[in-house]
Amino acid sequence: MIVLGSTGSIGVNTLNIAKKFNLSVEVLVAGTNIKLLNEQIKEFSPKKVVIANAKDIKEVNHNNVSFGEEAILQAIENSNAKMVVNALVGFLGLKPTLKAIECGKKVALANKESLVVAGKFIDQSNLVAIDSEHFGLWYLLQDKKIDSMVITASGGSFRDYPLEKLKNVSVKEALNHPNWSMGNKITIDSATMTNKMFELLEAKWLFNTTKLDAIIETKSLIHALINFKDGSTTAHIANASMQLPIAYAILGKVEEEILKPINLVEITSLEFRKIQEERYPIWQIKDEVLQNPDLGVVLNAANEVAVSKFLNNKIGFLDISKITLNAINKFNKPNISNLEDIFILDKEVRSFCDS
Ligand SMILES: NC(=O)C1=CN([C@@H]2O[C@H](COP(=O)(O)OP(=O)(O)OC[C@H]3O[C@@H](n4cnc5c(N)ncnc54)[C@H](OP(=O)(O)O)[C@@H]3O)[C@@H](O)[C@H]2O)C=CC1
Ligand SMILES: CC(=O)[C@@H](O)[C@H](O)COP(=O)(O)O
Ligand SMILES: [Mn+2]
């Protein structure tokens, strides 16, 4: 397989599964964590390696290394591997997703931004999403009439902070996710609840419905629920680890233990909360975005600019949703009729948010 983003949280979990099931890894793509990449090269002996920057090539212990976005696309095209795990973060992941599909490879897609911005153009016939909530929904699906689907949110780093403290929280505090160990960008997206907005859009494209909602479950043990027409609700419960969704995405069928089962007696209780707009201002536009999913392009671009500014200490935490809502207000009627429109609008929104 080809692993894009091998040094990230999903990438590392993917390689753990590859090791456990003795799967071959033909291509590794990473950014700047060359130390970890070299360890992965030693362990998996890939034929090809791609990194972000030319200046780091000499540090990589491999004789076939290239760099940059175009090189990622070429590596996908030139490889005989049948599967691409896309664990890149952000808009950067879209072109590799499209390239992998074009090359007829199976796509195991953690890069949810691909679906957020381009869901209506993505052929899903050979694609499986890697996301705990969508894995949960898929696991619960059965041949019965569904009323609605619900995904859960942890509430993120600040779910228990007094509202008046949010203005001055630090990057370090924001990166302290209560339940999951993930990359920086998605951890901030969890704290603002933008991750859940992305996941509603992701679910819209994956399950072809807008009867979707999200609630907070503070322990991240329930990942998804389905309300059936007959009045029953089923819930997917599993320990908070991405190894199970990744194993299914890669292997298709899993019959051995990947995670330790949940012990409800030890857990003793679960707590559910409504997602409040006062704490998560982005939630104001939930219905609008679901009704007009082209807004995903605006939401994603503005959010990427804002999160990067926050992580670089240029703005405060509350400014992230201000920037995003401002962009949604400005670009409120996007007209996306082809993939090219996505790249044009993405650029316009970024330059608006940067100015
Ligand atoms: N983490 C999780 O549990 C979950 C993540 N997701 C989604 O999966 C995706 C990945 O998330 P996560 O693993 O947490 O993110 P990380 O930030 O941990 O990993 C991102 C990966 O992309 C690489 N990368 C970044 N920029 C470049 C570049 N310019 N060229 C090549 N490689 C690059 C990084 O390399 P390096 O580190 O070497 O710089 C790293 O390997 C995101 O879309 C996220 O929303 C979805 C569900 C759960
Ligand atoms: C592990 C996973 O799927 C993440 O998307 C997770 O859901 C993020 O946590 P939040 O529920 O806090 O957004
Ligand atoms: Mn998720």
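Counting starts at 1 for both ligands and their atoms, following the listed order. Owing to the predicted nature of the structure, the values given are computational and were not obtained by experimental measurement.
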Give a yes or no answer on whether the side chain of [X] reaches the backbone of [Y] with a donor-acceptor pair at less than 3.5 Å.
{"X": "Thr268", "Y": "Val265", "result": "no"}
{"X": "Glu26", "Y": "Met1", "result": "yes"}
{"X": "Asn239", "Y": "Lys260", "result": "yes"}

For side chain to side chain donor-acceptor pair (under 3.5 Å), just list the numbers for Lys211 and Asn227, CA-CA rounded to whole Å, side-chain angles, deciding distance to a tenth of an Å, and then say yes or no.
CA-CA 10 Å; Lys211 289 202 76 180; Asn227 298 316; over 6 Å; no
Checking Lys286 against Tyr280: charged group under 6.0 Å from the ring centre and within 45 degrees of the axis?
no
Are [X] and [Y] close enough that some pair of their side-chain heavy atoms sits under 4.5 Å apart?
{"X": "Tyr139", "Y": "His223", "value": "no"}
{"X": "Leu201", "Y": "Leu115", "value": "no"}
{"X": "Asn303", "Y": "Lys185", "value": "yes"}
{"X": "Pro96", "Y": "Val84", "value": "no"}
{"X": "Leu311", "Y": "Leu175", "value": "yes"}

Have Gln40 and Ser6 got a donor and an acceptor in their side chains that come within less than 3.5 Å?
yes
Listing by chain and number, which protein N, O or S atoms are under 2.8 Å from the Mn ion (ligand 3)?
Asp131 OD1, Glu133 OE1, Glu199 OE2
I'd like a table of the close N/O pairs between ligand 1 and the protein (anything under 3.5 Å), one pair per line with both atom names and the distance.
{"residue": "ligand 1", "atom": "1 (N)", "partner": "Ser9", "partner atom": "OG", "Å": "3.0"}
{"residue": "ligand 1", "atom": "8 (O)", "partner": "Ala110", "partner atom": "O", "Å": "3.3"}
{"residue": "ligand 1", "atom": "13 (O)", "partner": "Ser9", "partner atom": "N", "Å": "3.2"}
{"residue": "ligand 1", "atom": "13 (O)", "partner": "Ile10", "partner atom": "N", "Å": "2.9"}
{"residue": "ligand 1", "atom": "14 (O)", "partner": "Gly183", "partner atom": "N", "Å": "2.8"}
{"residue": "ligand 1", "atom": "18 (O)", "partner": "Ser9", "partner atom": "N", "Å": "2.9"}
{"residue": "ligand 1", "atom": "32 (N)", "partner": "Ala30", "partner atom": "O", "Å": "3.3"}
{"residue": "ligand 1", "atom": "32 (N)", "partner": "Gly31", "partner atom": "N", "Å": "3.4"}
{"residue": "ligand 1", "atom": "35 (O)", "partner": "Thr7", "partner atom": "OG1", "Å": "3.2"}
{"residue": "ligand 1", "atom": "35 (O)", "partner": "Gly31", "partner atom": "N", "Å": "2.9"}
{"residue": "ligand 1", "atom": "37 (O)", "partner": "Thr7", "partner atom": "OG1", "Å": "3.3"}
{"residue": "ligand 1", "atom": "38 (O)", "partner": "Thr7", "partner atom": "OG1", "Å": "2.6"}
{"residue": "ligand 1", "atom": "38 (O)", "partner": "Gly31", "partner atom": "N", "Å": "3.1"}
{"residue": "ligand 1", "atom": "38 (O)", "partner": "Thr32", "partner atom": "N", "Å": "3.0"}
{"residue": "ligand 1", "atom": "38 (O)", "partner": "Asn33", "partner atom": "N", "Å": "2.9"}
{"residue": "ligand 1", "atom": "39 (O)", "partner": "Thr32", "partner atom": "N", "Å": "2.9"}
{"residue": "ligand 1", "atom": "39 (O)", "partner": "Thr32", "partner atom": "OG1", "Å": "3.2"}
{"residue": "ligand 1", "atom": "41 (O)", "partner": "Gly5", "partner atom": "O", "Å": "3.2"}
{"residue": "ligand 1", "atom": "41 (O)", "partner": "Thr7", "partner atom": "N", "Å": "3.2"}
{"residue": "ligand 1", "atom": "41 (O)", "partner": "Thr7", "partner atom": "OG1", "Å": "2.8"}
{"residue": "ligand 1", "atom": "41 (O)", "partner": "Gly8", "partner atom": "N", "Å": "3.0"}
{"residue": "ligand 1", "atom": "43 (O)", "partner": "Glu113", "partner atom": "OE1", "Å": "2.7"}

Could you list the residues that satisfy side-chain contact (heavy atoms from CB on, under 4.5 Å) with Asn338, not counting sequence neighbours?
Glu340, Asp341
Output the set of protein residues with a heavy-atom contact under 4.0 Å to ligand 2, ordered first by chain identifier and then by residue number.
Lys112, Asp131, Ser132, Glu133, Ala153, Ser154, His177, Trp180, Met182, Ile186, Ser190, Asn195, Lys196, Glu199, Met242
Just say parallel, tilted or perpendicular for the rings of Phe317 and Phe310, cut-offs at 30° and 60°.
perpendicular
